Protein chains: 2
Amino acid sequence: MVEYDERHCMIRDVLDRVGDKWTLHVIFHLADGRKRFMELQRQIPAISQRMLTVTLRGLEEDGLVERTIYPVVPPRVDYELTPMGQTLLDTVRGLMAWTIEHLDDIESARAAYAARENSLKRLAGVD
Amino acid sequence: MVEYDERHCMIRDVLDRVGDKWTLHVIFHLADGRKRFMELQRQIPAISQRMLTVTLRGLEEDGLVERTIYPVVPPRVDYELTPMGQTLLDTVRGLMAWTIEHLDDIESARAAYAARENSLKRLAGVD
DNA sequence: CTGCATCCCTGGAGATACTG
DNA sequence: CAGTATCTCCAGGGATGCAG
């Protein structure tokens, strides 16, 4: 059994990897198989070349993605999920399912919160 | 069924909530029941007063945490997970399980990566 | 005790230009 | 095509002080 606070450090470790801006995008786009750099960039239009590189390096470093370099010209590099990357994908799908299921609830909670805030502000303003 | 790119936006939405520095700490510490502000701050030593407030507000706004104010002096405020917050906790436990299960793999992958990097650097240096 | 406002600083990330 | 280097900008978050 692992200690309480230690567990939190660990989950932060993974969140630092998975919770950044682009990692999940890349992982989801690698879900349907090996792709090369340009393909990924085309399929994630908002990502910059730099951030795609950085993100892929991070995933490679953690053993979640494997990088294959073909010694050809022009250069060609393929990326694909490792088995461990696959298991992460499966796990994250749980989070995705939760998201889809509760998106409306969250939205209405936010609306309700904003409404409450506004009525409080109005009271203060009249005062 | 939801569209592909739309799904990614949604999961980013939740990750923006869940993936920040403190949210999961707070959620996990609220797992064992309703607590007041000071209790949480004591149990998460590294968090600042400001960030605890900010984090709790965010969770409240999304309907994941409920805030109860007692009109007493000195002030007393309790926080507890809503039912939706509970379901999120359950889901995140999956991610935590994955983390625990693969922590060693990740660590050795990082070590292997660093080793490869170093040998490359050495080659370049000798060159 | 709880919470807000202010200042400040660092790291994440975009834009751009250059290399093999 | 794939990757690196540099500059820059801004939001996240820490420290501190004040208020109800």
Side-chain angles (χ1 to χ4, degrees), chain A residues 8 12-13 15-26 29-30 34-61 65-80 113 116-117 120-121 123-125 127, chain B residues 8 12-13 15-26 29-30 34-62 65-80 113 116-117 120-121 123-124 127:
Chain A
H8 293 182
R12 272 250 49 82
D13 244 43
L15 279 176
D16 286 343
R17 162 93 296 116
V18 134
D20 75 340
K21 197 171 178 185
W22 296 112
T23 295
L24 282 192
H25 285 278
V26 173
H29 278 282
L30 285 177
R34 140 185 314 224
K35 287 183 186 161
R36 52 190 303 187
F37 192 89
M38 259 296 145
E39 270 181 285
L40 285 170
Q41 199 176 11
R42 243 184 302 110
Q43 291 174 15
I44 314 174
I47 200 172
S48 67
Q49 197 178 43
R50 177 183 133 80
M51 285 319 294
L52 182 53
T53 303
V54 170
T55 304
L56 286 167
R57 282 299 175 289
L59 288 168
E60 190 197 356
E61 187 176 349
V65 158
E66 186 177 347
R67 179 153 157 258
T68 313
I69 309 175
Y70 298 91
V72 297
V73 40
R76 168 181 182 140
V77 183
D78 281 3
Y79 295 90
E80 74 183 317
Y113 185 89
R116 255 176 293 146
E117 286 304 281
L120 284 182
K121 288 246 175 77
L123 281 177
D127 187 325
Chain B
H8 293 182
R12 272 251 50 82
D13 244 44
L15 280 176
D16 286 343
R17 161 92 297 120
V18 135
D20 75 340
K21 197 171 177 183
W22 296 113
T23 296
L24 282 192
H25 285 278
V26 173
H29 279 281
L30 285 177
R34 139 185 317 222
K35 287 183 186 162
R36 52 190 302 185
F37 192 90
M38 259 296 147
E39 272 180 282
L40 285 170
Q41 198 176 13
R42 242 183 305 109
Q43 292 174 14
I44 315 175
I47 200 172
S48 67
Q49 198 177 44
R50 175 183 134 79
M51 285 320 294
L52 182 54
T53 303
V54 170
T55 304
L56 286 168
R57 281 302 173 285
L59 287 168
E60 190 197 357
E61 188 177 349
D62 285 357
V65 158
E66 185 175 349
R67 179 152 157 259
T68 313
I69 309 174
Y70 298 90
V72 298
V73 40
R76 169 185 180 138
V77 182
D78 281 4
Y79 295 89
E80 75 182 317
Y113 184 89
R116 255 176 293 146
E117 286 305 282
L120 284 182
K121 288 246 174 77
L123 281 178
D127 188 325

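Every chain is numbered from 1, with letters handed out A, B, ... down the list of sequences. All figures in this text were calculated on a predicted structure; none of them were measured in a lab.
Within the model, atoms CD of B:E60 and CZ of A:R116 stand 6.0 Å from one another, a figure rounded to the nearest 0.5 Å. A distance of 9.5 Å separates OG1 in A:T55 from CZ in A:R50, rounded to the nearest 0.5 Å. Atom CZ of residue B:R76 and atom CE of residue B:M38 lie 13.5 Å apart, to the nearest 0.5 angstrom.
Within 4.0 Å of A:Y79, counting heavy atoms only, lie sugar-phosphate atoms of the nucleic acid but no base atom.
The nucleotide whose nearest atom lies closest to any side-chain atom of A:M38 is, among C:dA13, D:dA2, C:dC4, D:dA2. Listed nucleotides C:dA17, D:dG20, D:dG14 differ in distance to B:P75; the shortest reach to its side chain belongs to D:dG20. Between C:dG14, C:dT2, D:dC1, one nucleotide has an atom nearer to the side chain of A:K21 than all others, and that is C:dG14. Counting only heavy atoms from C-beta on, A:Q49 has its side chain closest to D:dT4 among D:dG14, D:dT4, C:dG14. Nearest to the side chain of A:V77, among C:dG3, C:dG14, D:dG3, sits D:dG3.
For the pair A:E60 CD and D:dG3 C1', the interatomic distance rounds to 13 Å; values are reported in whole Å. Rounded to an integer number of Å, the gap from CE of B:M51 to C1' of D:dT16 is 16 Å. With rounding to whole Å, A:L40 atom CG is found 13 Å from D:dC1 atom C1'. Rounded to an integer number of Å, the gap from B:Q41 CD to C:dG3 P is 11 Å. Whole-Å rounding puts the A:R36 CZ to D:dA2 C1' distance at 9 Å. Atom CH2 of A:W22 is separated from atom P of C:dG14 by 6 Å (rounded to the nearest Å). In this structure, the CZ atom of A:R57 is 17 Å from the P atom of C:dA13, given to the nearest Å. Taking atom CG of A:L52 as the reference point, atom C1' of C:dG12 lies 16 Å away to the nearest angstrom.
Between A:Y79 and the choices A:L56, A:V26, A:T68, the side chain to side chain contact (heavy atoms under 4.5 Å, CB included) rule is met once, by A:L56.
Between B:R67 and A:I47, the residue anchored nearer the 5' end of DNA chain C, judged by the nucleotide with its closest heavy atom, is B:R67.
No donor-acceptor distance shorter than 3.5 angstrom exists from the side chain of B:T23 to the backbone of B:G19, with no hydrogens or angles considered.
Between C:dG14 and A:S48, a contact under 4.0 Å exists linking OP1 or OP2 to a side-chain N or O.
In the interface, the side chain of A:R50 is paired with the base of C:dA13 through a donor and an acceptor atom under 3.5 Å apart.
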